[in-house]
Number of protein chains: 2
Amino acid sequence: MTETEHSGFARYPLANVALGLLAAGPKHGYGLYRDFEEYFGSIWKAGQTKFYVALSSLLDEGYLDAELEPQENRPARKVYRLTDKGREEFLKWLHEPVYSMRAMRVEFIAKLRFFDLLGEPGAKELIDQEIALFGEMLDEWEAEKPEDPFYNLVNDYRIRQARAIVDWLEAVKQNL
Amino acid sequence: MTETEHSGFARYPLANVALGLLAAGPKHGYGLYRDFEEYFGSIWKAGQTKFYVALSSLLDEGYLDAELEPQENRPARKVYRLTDKGREEFLKWLHEPVYSMRAMRVEFIAKLRFFDLLGEPGAKELIDQEIALFGEMLDEWEAEKPEDPFYNLVNDYRIRQARAIVDWLEAVKQNL
DNA sequence: GGATTCATGTAAGAGGTTACATGATTAT
DNA sequence: ATAATCATGTAACCTCTTACATGAATCC
């Protein structure tokens, strides 16, 4: 999924979500978009067209295959199905921690949603990994004592954000 | 500065920084880029080319004007100067609060940097506005009691982030 | 009769990024 | 010698977004 470094979301926002929705079973584009709005609409807006574009590029790249399902009185549905490659990619993404605070807000929360939606095991493990990761970052940042007061400001900001994230992760774990 | 809604940074990342650096006095592109690296390098990376592109589009849009300053043994320097329009735009941006948590991390911190760098008054007022804004958001979010446990997770996440921001803002105010 | 739902895309555009182009001077 | 600094851009590229295209069925 052309990962520049970590996180495919930055570049292909909807790709992994589309894969995940298809992990529950084959479905056509319109239905997937409905699912997307239902399950992710509260944290994520995307136009219908965007969704179709994402699906068709996933098809081109071999993450999906598709079959036309004719209907009476309506345009044929194009039913997508995960290929092995697609399922593998999705599971890899799902179980992989995110490495930035920015990615927490949407990407990590989306992962949690999928664990719940699909009944996939491993949520607790992922949370623990995430806590460990942010814990390490915190240790590093807290060890820095910058002389530059401006940099100190910046450092203090991210320390507080990271602490809030770790606290939240602990709470999520309790609530699992 | 073509603001879609709030925040020019999302669209034209470097434009306001370039304007701000010129608020201290006219300077040529290369010198501005050095300043940028010195004052913002710790929170913000951008290639040199990008900076030149930003400057030349600011020139086209009338926020700057420029004058060639010939040199011996070196290419002529193109010295940029803020126009009235440019200075106005910069000050408007500087004193305007940011409306999202995402914009805090870089854009708001950049504003603080400029208050300090330029000795411009109003930093405390801006911080107070920001505290008020995030306080309102907090009140709203805390009043929500979502039935959907997933949405509750999301809500809890942003509440914690917003609290961390307000705490940080209070600390910054003390340290002013 | 009008709005919403169902159902699919294409193709152009907007915006941002970066590889490339150029070349003298000075510091190591 | 060679690396870094000084000094400036253009033009192609890449990615993403969205305006547009199409049209029947059903709900109010």
Side-chain angles (χ1 to χ4, degrees), chain A residues 1-5 7-18 21-22 26-38 41 44-61 64-80 106, chain B residues 1-5 7-18 21-22 26-38 41 44-61 64-81 106-107:
Chain A
M1 203 123 284
T2 29
E3 54 245 18
T4 321
E5 333 159 23
S7 144
F9 260 131
R11 290 172 96 70
Y12 295 106
L14 286 157
N16 288 305
V17 174
L21 291 172
L22 280 164
K27 208 162 204 174
H28 63 294
Y30 189 81
L32 287 168
Y33 182 67
R34 307 247 90 192
D35 289 351
F36 167 71
E37 285 196 315
E38 182 181 348
W44 195 310
K45 311 287 173 194
Q48 199 188 12
T49 307
K50 235 162 153 175
F51 212 80
Y52 279 109
V53 171
L55 285 169
S56 87
S57 75
L58 285 169
L59 185 66
D60 290 345
E61 293 158 24
L64 307 178
D65 54 29
E67 198 180 332
L68 279 179
E69 186 186 279
Q71 296 184 103
E72 281 171 38
N73 304 331
R74 290 211 176 276
R77 288 173 166 174
K78 191 167 183 179
V79 177
Y80 292 97
V106 176
Chain B
M1 203 122 284
T2 31
E3 56 245 17
T4 320
E5 333 160 21
S7 140
F9 259 132
R11 291 170 96 71
Y12 295 106
L14 287 158
N16 288 304
V17 175
L21 291 173
L22 280 165
K27 209 164 204 174
H28 64 294
Y30 189 80
L32 287 167
Y33 182 66
R34 306 248 91 189
D35 289 351
F36 167 70
E37 285 194 316
E38 183 181 347
W44 195 310
K45 310 286 173 196
Q48 200 187 10
T49 308
K50 234 165 156 174
F51 211 81
Y52 280 109
V53 171
L55 285 169
S56 87
S57 77
L58 285 168
L59 184 67
D60 291 346
E61 293 158 24
L64 307 179
D65 53 31
E67 198 179 332
L68 279 180
E69 185 186 280
Q71 296 184 105
E72 280 172 38
N73 303 331
R74 289 211 176 277
R77 287 172 166 173
K78 193 166 181 178
V79 177
Y80 291 96
R81 182 193 320 270
V106 176
E107 189 171 358

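Letters go in sequence order (proteins before strands), and every chain restarts at 1. FYI, side chains are in, hydrogens and waters are out, and symmetry mates aren't considered; it's all heavy atoms of this structure.
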**Request:** Using a 4.5 Å cut-off on heavy atoms from C-beta on, say whether the side chain of V17(A) contacts that of L21(A).
**Result:** yes

**Asked** Side-chain N or O of N73(B) less than 4.0 angstrom from OP1 or OP2 on dA24(C)?
**Response** no

**Partner set under salt bridge (charged side-chain N to carboxylate O under 4.0 Å, His left out) for K78(B), not counting sequence neighbours** = none

**Item:** Whole angstrom value for the distance that separates P of dT18(D) from CG of L14(A)
**Value:** 12 Å

**Message:** Could you tell me how far apart W44(A) (CH2) and dT17(D) (P) are, to the nearest whole angstrom?
**Reply:** 10 Å

**Nearest-0.5 Å distance, CG of residue L55(B) to OH of residue Y80(B)** = 5.0 Å

**Item:** From K45(A) atom NZ to F36(A) atom CZ, the distance as rounded to the nearest 0.5 Å
**Value:** 8.5 Å

**Prompt:** Given atom CD of E72(A) and atom C1' of dT26(D), what is their separation to the nearest angstrom?
**Reply:** 16 Å

Please tabulate, one pair per line, each protein N/O and nucleotide N/O from nucleotides 4-11 of chain D that are separated by under 3.5 Å, including the distance.
{"unit_1": "dC6(D)", "atom_1": "OP2", "unit_2": "Y30(B)", "atom_2": "OH", "d": "2.9"}
{"unit_1": "dC6(D)", "atom_1": "OP2", "unit_2": "R34(B)", "atom_2": "NH1", "d": "2.8"}
{"unit_1": "dC6(D)", "atom_1": "O2", "unit_2": "R74(B)", "atom_2": "NH1", "d": "3.3"}
{"unit_1": "dA7(D)", "atom_1": "OP1", "unit_2": "Q71(B)", "atom_2": "OE1", "d": "3.1"}
{"unit_1": "dA7(D)", "atom_1": "OP1", "unit_2": "Q71(B)", "atom_2": "NE2", "d": "3.2"}
{"unit_1": "dA7(D)", "atom_1": "OP1", "unit_2": "R77(B)", "atom_2": "NE", "d": "3.3"}
{"unit_1": "dA7(D)", "atom_1": "OP1", "unit_2": "R77(B)", "atom_2": "NH2", "d": "3.2"}
{"unit_1": "dA7(D)", "atom_1": "OP2", "unit_2": "R77(B)", "atom_2": "NH2", "d": "2.8"}
{"unit_1": "dT8(D)", "atom_1": "OP1", "unit_2": "K78(B)", "atom_2": "N", "d": "2.8"}
{"unit_1": "dT8(D)", "atom_1": "OP2", "unit_2": "Y30(B)", "atom_2": "N", "d": "2.6"}
{"unit_1": "dT8(D)", "atom_1": "OP2", "unit_2": "Y52(B)", "atom_2": "OH", "d": "3.0"}
{"unit_1": "dG9(D)", "atom_1": "OP1", "unit_2": "K78(B)", "atom_2": "NZ", "d": "3.4"}
{"unit_1": "dG9(D)", "atom_1": "O6", "unit_2": "T49(B)", "atom_2": "OG1", "d": "3.1"}

**Asked** Which distance, rounded to the nearest 0.5 Å, do you find between the CZ of R81(B) and the CG of L64(B)?
**Response** 11.0 Å

**Request:** Quickly work out the E69(A) CD to dC6(C) C1' distance and round it to whole Å.
**Result:** 14 Å

**Asked** Once you round it to whole Å, what is the distance between P of dT10(C) and CG of L55(A)?
**Response** 12 Å

Validation: residues 47-54 of chain B side-chain donor-acceptor distances under 3.5 Å, sequence neighbours left out:
none

